[in-house]
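The structure appears below as structure tokens.
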There are 2 protein chains.
Amino acid sequence: MTEIEKTLENKGVRPTAMRILIYKYLAEKEVAIALTDMENAFSKADRTTLYRTLKTFEEKRIVHQIDDGTNISKYALCEPGCNCEMEQDLHLHFHCDNCDETVCLTEHKIPHINLPDGYVAENANLVIKGICDKCSGQ
Amino acid sequence: MTEIEKTLENKGVRPTAMRILIYKYLAEKEVAIALTDMENAFSKADRTTLYRTLKTFEEKRIVHQIDDGTNISKYALCEPGCNCEMEQDLHLHFHCDNCDETVCLTEHKIPHINLPDGYVAENANLVIKGICDKCSGQ
DNA sequence: CAATAATTGCACTTCCGTTGCATGAAACAA
DNA sequence: TTGTTTCATGCAACGGAAGTGCAATTATTG
């Protein structure tokens, strides 16, 4: 049993061949992945399967969904031991307007915000837009 | 010539009857408005007109677009004298998971973030999700 | 092995954003 | 004023992405 299979089982997801492939794909990309990206990468697999796999992964905290302002949902693997919902694990994301890629900046946590009376914060999403290191480097 | 007409002209937008109505509608709501909301409010007007009016307003810095994570674009009037693009004018938004409304917290600016080398920030979007004052109050 | 449950694939729907083109209204020039 | 141009509006349609129902396949369990 491989590392990935163990990981999936620990999270309560049956490690099917398809899911292992999808997990590997997400692991080797360092950018957030949209459903369309997956469709292109797995032309043999059905869109629905990819869609539902991502939803399952999200539900089981294997990936987190990223909303980078493009109105296209993207996904990235959670860090080992991450609790995406906890305030201390909420990192920010960077979207490059040039190459259109979105990356997790896991080291950069979202600062705590004091809200007006009556507002109860449960989650937060911070996206910085601009030019990424690869595109600005040249 | 009314205040609204002056405002529109100052921003370089011809103050047509339709646009004045739309501006008024945005002004009297304190929440961010989606295109669908406008369709319901202006059942006589065409969707495209509302859509293009919002785009024109956005371009001329009369409204700013808000991406609250619902994958539905929303819009709200800019503060007088606001430069939506400037870092000091970037405020955060709050999305209530109960009533599904999104509001501008114009007093709460997005804190400055130090990015890794090579990353150039040009814009930022911070959305806090949770329960708003109206929904938590009771 | 049979019976059950979970996964995958196909077809289809819905919703939102967007565009092309024709019509109508307003501004402008003669 | 009339004619011309420019801009605004309305209608129709497209396209992408998210989501759902159901049948078929595969895995798990007894």
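As a basis for the values below, the full set of heavy atoms in this structure was taken, side chains included, without hydrogen atoms, waters or symmetry mates. By convention in this document, chain letters (A, B, ...) are assigned in the order of the sequence lines, proteins followed by strands, and residues within each chain are numbered from 1.
- Put simply, the residue from A:Lys134, A:Lys74, A:His95 that forms a side-chain contact (heavy atoms from CB on, under 4.5 Å) with A:Glu101 is A:Lys134.
- In this structure, NZ of A:Lys74 is placed 13 Å from C1' of D:dA17, rounded to the nearest angstrom.
- Taking the side chain of A:Thr49 as heavy atoms from C-beta on, and the options C:dG17, C:dT8, D:dG10, the nearest nucleotide is C:dT8.
- Residues of residues 54-69 of chain A that place a heavy atom closer than 4.0 Å to DNA chain C do not occur.
- Atom C1' of nucleotide D:dG15 and atom CG of A:Asn71 are separated by 15 Å, given to the nearest angstrom.
- Atom-to-atom distance recorded for A:Leu92:CG and A:Leu90:CG is 10.5 Å, nearest 0.5 angstrom.
- Two rings, from A:Tyr75 and A:Phe57, have their centers 6.0 Å or more apart.
- With ring centers used as reference points, B:His93 lies 6.0 Å or more from B:His108.
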Between N or O atoms, less than 3.5 Å apart, protein on one side and nucleotides 12-14 of chain D on the other: list the pairs.
unit_1 : atom_1 : unit_2  : atom_2 : d
D:dA12 : N6     : B:Thr48 : OG1    : 3.4

Using atom types as modelled, flag every donor-acceptor pair under 3.5 Å from a side chain in residues 13-32 of chain A to any protein atom, sequence neighbours excluded.
unit_1  : atom_1 : unit_2  : atom_2 : d
A:Thr16 : OG1    : A:Arg19 : N      : 3.3
A:Arg19 : NH1    : A:Arg14 : O      : 3.0

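- Looking only at distances, no side-chain donor or acceptor of B:Thr102 sits under 3.5 Å from a matching main-chain atom of B:Asp68.
- If you take OG on A:Ser73 and CD1 on A:Ile66, they are separated by 10.0 Å, rounding to the nearest 0.5 Å.
- Protein atom CG of A:Leu50 is 14 Å distant from nucleotide atom P of D:dA17, rounded to whole Å.
- For a distance-only test at 3.5 Å, the side chain of A:Arg52 qualifies as a donor-acceptor partner of the base of C:dG9.
- Listed for the A:Thr49 side chain is no donor-acceptor partner under 3.5 Å among the backbone atoms of A:Ala45.
- Rounded to whole angstrom, the span from the CE atom of B:Met18 across to the C1' atom of C:dG24 amounts to 15 Å.
- Rounded to an integer number of Å, the gap from B:Ile20 CD1 to D:dT9 C1' is 15 Å.
- Distances from the side chain of B:Ile72 to the nucleotides C:dC16, C:dT8, D:dA18 place C:dC16 closest.
- Per the geometry, CG belonging to B:Asp37 stands 15 Å off C1' belonging to C:dG17, to the nearest Å.
- Within the 4.0 Å cut-off from OP1 or OP2 of C:dT18, at least one side-chain nitrogen or oxygen of B:Tyr51 is found.
- B:Leu126 places a side-chain heavy atom less than 4.5 Å from the side chain of A:Ile113.
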Protein proximity profile, nucleotides 24-30 of chain D - base contact B, sugar-phosphate-only contact S, no contact -, cut-off 4.0 Å on heavy atoms: ----S--
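- Between the side chain of A:Asp100 and the main chain of A:Asp97, no donor-acceptor pair closer than 3.5 Å is present.
- Summarising the geometry, atom NE2 belonging to A:His91 is positioned 8.0 Å from atom CG belonging to A:Leu105; distances are rounded to the nearest 0.5 Å.
- As rounded to whole Å, 14 Å separates atom C1' of C:dT8 from atom CZ of A:Phe42.
- At least one donor-acceptor pair closer than 3.5 Å links the side chain of B:Asp67 to the backbone N or O of A:Gly69.
- Mapping A:Leu35 and B:Lys44 onto DNA chain D via the closest heavy atom, the residue that lands nearer the 5' end is B:Lys44.
- Considering only residues two or more places apart in sequence or on other chains, B:Glu58 meets the salt bridge (charged side-chain N to carboxylate O under 4.0 Å, His left out) condition with B:Lys55.
- Contacts of residues 24-34 of chain A with DNA chain C (heavy atom under 4.0 Å): none.
- With rounding to whole Å, B:Arg19 atom CZ is found 6 Å from D:dA8 atom C1'.
- In this structure, CZ in B:Arg61 is found 8.5 Å from SG in B:Cys78, a value given to the nearest 0.5 Å.
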